[in-house]
Every structure is written in C-alpha cells, then in structure tokens.
Amino acid sequence: MSATLVRLRGVSKSFQSAGGTTAVLDGVDLVIEAGQKVSLVGPSGSGKSTLLALIAGLLQPDQGTVEFDGMPMGNLSDDKRTALRIKEIGIALQSENLIPFLTIEENVELALEFGGHRSARSTARELLSRLGVAHVARHLPRQVSGGEGQRVVLALAMANKPRLLLADEMVTQLDAFTAGTVVDDIFRQDMAVFFVTHDTALANQADVRLALRHGQVVAG
Ligand SMILES: Nc1ncnc2c1ncn2[C@@H]1O[C@H](COP(=O)(O)OP(=O)(O)OP(=O)(O)O)[C@@H](O)[C@H]1O
Ligand SMILES: [Mg+2]
C-alpha cells in the first residue's frame, strides 16, 4: 500500500516581467507517492525548475493547490513552511546554495544542526564519504569542482533524511560511473525523489516518468 506524499491540483503559474506575462504552468495535476522515484523531462524553459520551486513551497501558485502529506502548503505560515523544508524536503537546485565562507563539512553540519541532529560532524563526514567527496570536506565551496559541488549539494539536501528529495539536474557534471554510483545511492533511500533531467537513460530509471509539455504534466 502506498501513501500520497505530494499532490498538486490545477496548479498554474505565470511570471510578470518587462516584456509582459509568461504563462509557465497551466493547470498541473501531479501525485508523488511516499518513497516513489519520479523523473521529469521537458524542453529548456518549459517550467521544470518552476514546478520544483512550487513543490518546495519556495514559490506560490497563482491558482491551484500544493499539498504535502495532506497539508495545503498555502495554508502554512512562512515559519512552518521553512520548518517543513528543513525537516521533510531536501532541495538540490540548479543554482547551488552553499555558504561561501564555510567549509564543505561545515555547510553540511549546519544543515544537520538546523534539523536538530546531535552528532553533526561525524554524520556530515559519513554522508560526504558515501557520495565520494570526503576529500573536499575541508575545502571552501569555491575550491571544489563542478561535479564535487553537485554531490555536496545532494549531501546537504539528504542530510536530514527528508521524506522528499527535489533535485534539479543532479548529476549533469559527473562522469557516467560516478553518476551511476550517486544515483544508486539516492534510489536506495526510503525517501521519494522527484528529479528533473535531460538524460533519457536516467529518466527511465524512475518508477514514474513524467514530462512537462505546454504547461502541463503528462506521461513521459
Ligand atoms: N522569476 C522569474 N521571473 C520571470 N520569468 C521567470 C522567472 N523564473 C522563470 N521564469 C521563466 O519561466 C520559464 C520557465 O523557467 P524554468 O526555469 O522553470 O524552466 P526549466 O524547464 O527549468 O528550464 P531549463 O531546462 O533551462 O532549466 C522560462 O521562460 C523563464 O524565463
Ligand atoms: Mg531548470
């Protein structure tokens, strides 16, 4: 038996800019079950990152609802939404969000401490080593390669054992072997994973394959 973790009903989102209004999502319906691995493909600019931000509660829909574990996110206060992101939703976005003046392990430790974790140092080390980046633990973010940075961002996102991992282009800068190892590790975890990719082979590894076309989510 599976439980619904995320449900979107009729979600629409437009952006205003100097050039006018861009309608990006137009009535998206989507369900992610607990533990399910779901891939999302779609052309550049089709709204994939926007959809992740809406599920993360970083953006609010113009219309429709986003529910996490049966709770409409729009009804939560900013504080509650932040707490939900710290504890339950791991986010690995295209733009990295590492603190530039903390070392890699301090960045991961900080995330763990926010999540109420006690032995943050050893857990951070364990996590970095699982993802093959223990050797950069004492580096600053600007001193790591693109592929190492991607793995650090994933380590941060998974630090508090979230129920949902949202990942945008999670292994684009990794060689095929390392990417395979990282993806295997992520897929072995109990958490649901909703990930955006341009890589068809990776998309096909998911339990459910979705695509974004003309503002709507369809079978991929
Ligand atoms: N804050 C914003 N203000 C105005 N327009 C935006 C904003 N964020 C995104 N857009 C526009 O919305 C559209 C969808 O952007 P989004 O980043 O979701 O695409 P994407 O599918 O993730 O693309 P890619 O594969 O290139 O990452 C684009 O046309 C983009 O320019
Ligand atoms: Mg994107």
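Start at 1 and go down the list; that is how both ligands and their atoms are numbered. In what follows, every heavy atom counts, from backbone to side chain, and hydrogens, waters and symmetry copies are set aside.
- Judged by distance alone, the side chains of Ser39 and Gln205 never bring a donor and an acceptor atom under 3.5 Å apart.
- Nearest-heavy-atom check against atom 19 (O) of ligand 1 across Gly19, Ala53, Gly47 picks out Gly47.
- Of the N or O atoms in His198, one or more lie within a sub-3.5 Å distance of an N or O in ligand 1.
- By the 3.5 Å distance cut-off applied to N or O atoms, Glu169 is not counted among the residues near ligand 1.
- Taking each of Leu54, Val24, Thr50, Asp168 in turn, the one with a heavy atom nearest to atom 16 (P) of ligand 1 proves to be Thr50.
- Atoms of ligand 1 lying under 4.0 Å from any heavy atom of Pro43, numbered from 1 in the order shown and given with element: 21 (O).
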Would you sort out whether Asp79 and Thr82 count as a side-chain hydrogen bond (donor to acceptor under 3.5 Å, both in side chains), showing the intermediate values?
CA-CA 5 Å; Asp79 284 356; Thr82 303; 5.3 Å; no
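- His139 and Glu148 form no side-chain donor-acceptor contact under 3.5 Å, judged by distance and modelled atom types alone.
- Residue Ser44 has at least one heavy-atom neighbour below 4.0 Å for each of these atoms of ligand 1: 23 (O), 24 (P), 25 (O), 26 (O).
- In the model, Asp168 has a side-chain atom that pairs as donor or acceptor with a side-chain atom of Ser49 under 3.5 Å.
- The Mg ion (ligand 2) has no N, O or S atom of Thr50 under 2.8 Å away, backbone or side chain.
- Counting heavy atoms from C-beta on, the side chains of Leu156 and Leu127 never come closer than 4.5 Å.
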Could you go through the side-chain contact (heavy atoms from CB on, under 4.5 Å) check for Val11 and Thr65 one step at a time?
CA-CA 6 Å; Val11 167; Thr65 54; 5.9 Å; no
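- Gly45 counts as a contact of ligand 1, since one of its heavy atoms falls under 4.0 Å from the ligand.
- Considering backbone and side-chain N/O of Thr22, none are found under 3.5 Å from N/O of ligand 1.
- Atoms of ligand 1 found under 4.0 Å from any heavy atom of Ser46, numbered from 1 in the order shown, are 19 (O), 21 (O).
- No hydrogens or angles considered: nothing links the side chains of Asp184 and Thr181 as a donor-acceptor pair under 3.5 Å.
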